[in-house]
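All chains are named by letter (A, B, ...) in the order of the sequence lines, taking the proteins before the strands, and each is independently numbered beginning at 1.
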Amino acid sequence: MKMVKLQKKNLNAFLAGLEKFGDLHGPVRRDTNDFAFQKVDAPEQIAHDCLRTILPPKKYFTKPVDTMFTFSEAEGYRAPDKDLHTKIILFGVHPCDIHGIKILDLVFGGQYRDEYYFARRRNAIVVGLDCMPDEYCFCRSTGTDFTEDGFDLFLSDIGSSYLVRVGTSLGDDIVLETSTLFQEIGDTDRRAYKRRSAQRINSFEVEIHLEDLPEIMDLEYESRIWQELGDKCLSCGTCSMVCPTCYCYDVVDQLNLDAKSGSRLRRWDSCLFKDYALVAGGHNFRADRGSRIKNRYFHKQRGFVAQFGRPSCVGCGRCIVSCPAAISLVDVLTKLRSRGNE
Amino acid sequence: MNPLEPRRALVREKIQENRETYSLTLSLADHDHFSYRPGQFNMLGLPGMGEAPFSFSSLHLERGRFTHTIREAGSLTRSICQLAAGDILSIRGPYGNEWPLEKAKGRHLIIVGGGIGIAPLRPVIRHALGNGEEYGRLYFLLGARTEDDLLFREEFEKLTAGRDGTLLMTVDRGEKKELSHIREGLVTALLDEIDVDPEESITFTCGPELMMRFVARQLIQMGQDPYDIFVSMERRMKCGIAHCGHCQIGAMYVCKDGPIFPYGDIKRFADTML
């Protein structure tokens, strides 16, 4: 993989020079500790100290509310063309979130491809940025603290510079376009990178063990822990909204006043919502909260493994930080393992 | 191609099956390629009402036409059942897997249907009766709440008359005492009438999950392998293409991995009533 060096003092000049590749988006400070990915007018607006945005980058590819079609008697169902082809540069995506995008690529690909998702994916340049974990990060446990692909460029902090990994030919074009800003890496850079890497590995405060978790979960399928969690959970769905890999959606038709034309929208859904598994005739396959939260955990940590060979959790810690009922995935998984051995 | 973009289907014929169930025979308005296998389903929809999955109740295309039998259960089904010949509805599909008819060849075939669950079994009943030489004995065990709910009753009676197939029916509440061939009680009671070795049989069942549970458990007690019992599952679906998440049972999507599952695979999941 091609690697070059970008001095930190040149970062903004570099980002400003990307205009021809698309609109620049990055994490912007919203409150003391709240950050959100959004479009910026100038690179200076980007908060480089952002560890965790409120919503993950999935919001760019599968929108919270998305118009799938407009329909009318004359034209039938028409997919909107605009809004799918805006070119963007997504700067400051951490490894866990890049893994999140890679997981969504798997889900929305396959036999049937989600055209909306992949149209937006094709038009997004991903510039990754490394990070230092806080007390909620457990991406090292989920194997998502580092990524070898899923980005066009990836910047790692090596002191006064960034070591820049070039992941795609488009990333290479970007480097060539702004080549005067880049330098070759030298021995001190290599040492700095390895030092930083070791420091980062040693900074994780949280560890969970995923190796045989699917089996543990099968063993604990009837555990009373699920009912206890159900008693705590508010079914608000926040954990799903902030999750980089929660992809479920609901579809709703919105009629215009003529009662004939309208739009077919899809919007983020959560398996924690009460009507998620409700079928015609009124039967709800997961009527109580305990069964719904169990389903969420099983899908992330068990079902996804069976389907795609890895859990769909990327260890970003968002669900822990955001849960209004203070349910922590790390605590739940730790408890599941220890139960019976207390 | 956008798999979520519906095509247009034309209602060719509508038959009222009972007070709340209609069979709609459709054809694709664009006449483009379309084919399906018994057991699969389409997402049918109307603008403003959304879409929902419906199994085929016809065996195969006839002059490009196929049939869905739909019970009025909510706003979409009520609106679809109000359509008339010439009306348009939206369609995506076919999706899902098929009844494993190949696996049934050379064996006895036991078909157990309950209520609207009889509709997705109709194509295999028709297929089995038309190809009787490929199977051992044929049993069609159908249950419903009332006599009126026994879908395709006359059709099945006509098709089985003087043939090898054994048609047995049961209703929760009998209305006419003189009906000797329609019993009162549960469809599982009809399983006692089977006089072939369940080990040499294959079962297809569709109906309420509780019914399928008792059918499967009884058949297993009678000696049938759980992997020789196939159940057709119903779940909420928004996309039909394994993306929206609603139909998941464990690691499986009913829309993509089903709707037909070997009982042995699906009974482990507690989100079912199996």
Side-chain angles (χ1 to χ4, degrees), chain A residues 62 68-69 71-73 76-79 107-108 110-117 214 218 221-222 240 246-256 259-262 264 266 269-271 275-286 291-292 294-295 298-299 302-308, chain B residues 1-8 29-30 43 45-54 70-78 88 90 92 95 115-116 208-210 233-257 268-273:
Chain A
T62 166
M68 294 161 76
F69 301 101
F71 54 81
S72 65
E73 277 191 2
Y77 293 84
R78 290 180 78 102
V107 171
F108 287 120
Q111 188 187 354
Y112 298 101
R113 282 169 69 81
D114 189 295
E115 295 294 323
Y116 307 90
Y117 177 87
D218 281 346
Y221 198 86
E222 304 297 340
S240 302
C246 266
Y247 54 81
C248 288
Y249 62 78
D250 190 20
V251 178
V252 283
D253 281 4
Q254 225 165 49
L255 277 174
N256 296 334
K260 285 174 184 166
S261 63
R264 177 159 294 170
R266 66 175 176 191
D269 203 347
S270 169
C271 54
D275 61 358
Y276 184 83
L278 182 74
V279 292
H283 183 73
N284 192 336
F285 289 96
R286 286 188 287 272
S291 68
R292 294 202 291 276
K294 175 159 80 173
N295 174 67
F298 265 78
H299 181 244
R302 178 73 187 91
F304 208 84
V305 180
Q307 254 186 303
F308 294 107
Chain B
M1 207 198 86
N2 182 350
L4 294 165
E5 186 174 331
R7 297 163 73 180
R8 282 150 57 91
D30 54 21
M43 298 293 289
L46 289 170
M49 311 293 301
E51 299 174 310
F54 299 95
I70 298 167
R71 182 168 67 93
E72 294 175 308
S75 49
L76 174 66
T77 46
R78 265 195 295 276
I88 294 280
S90 79
R92 291 191 293 120
Y95 297 126
I116 189 68
E209 276 189 30
L210 269 181
M233 303 290 287
E234 180 205 13
R235 281 295 181 278
R236 189 184 185 93
M237 289 179 197
K238 291 292 181 176
C239 71
I241 57 173
H243 290 168
C244 82
H246 287 82
C247 70
Q248 277 177 14
I249 299 176
M252 294 185 283
Y253 285 85
V254 172
C255 68
K256 180 174 123 269
D257 305 308
R268 294 182 294 122
F269 295 102
D271 283 350
T272 72
M273 289 187 283

Under 4.5 Å from any heavy atom of chain B, what part of [X] do you find: side chain, backbone, both or neither?
| X | answer |
| --- | --- |
| Arg286(A) | side chain |
| Tyr116(A) | side chain |
| Asp114(A) | both |
| Phe69(A) | side chain |
| Leu278(A) | both |
| Phe71(A) | side chain |
| Arg78(A) | neither |

[X] versus chain A, heavy atoms under 4.5 Å apart: side chain, backbone, both or neither?
| X | value |
| --- | --- |
| Glu209(B) | side chain |
| Leu46(B) | backbone |
| Met237(B) | neither |

Are any side-chain N or O atoms of Tyr112(A) and backbone N or O atoms of His243(B), one a donor and one an acceptor, separated by less than 3.5 Å? no
Side-chain (Asp253(A)) to main-chain (Gly50(B)) donor-acceptor, under 3.5 angstrom: yes
Among Asp250(A), Asp218(A), Asp275(A), which has the most heavy-atom pairs under 4.5 Å with chain B? Asp250(A)
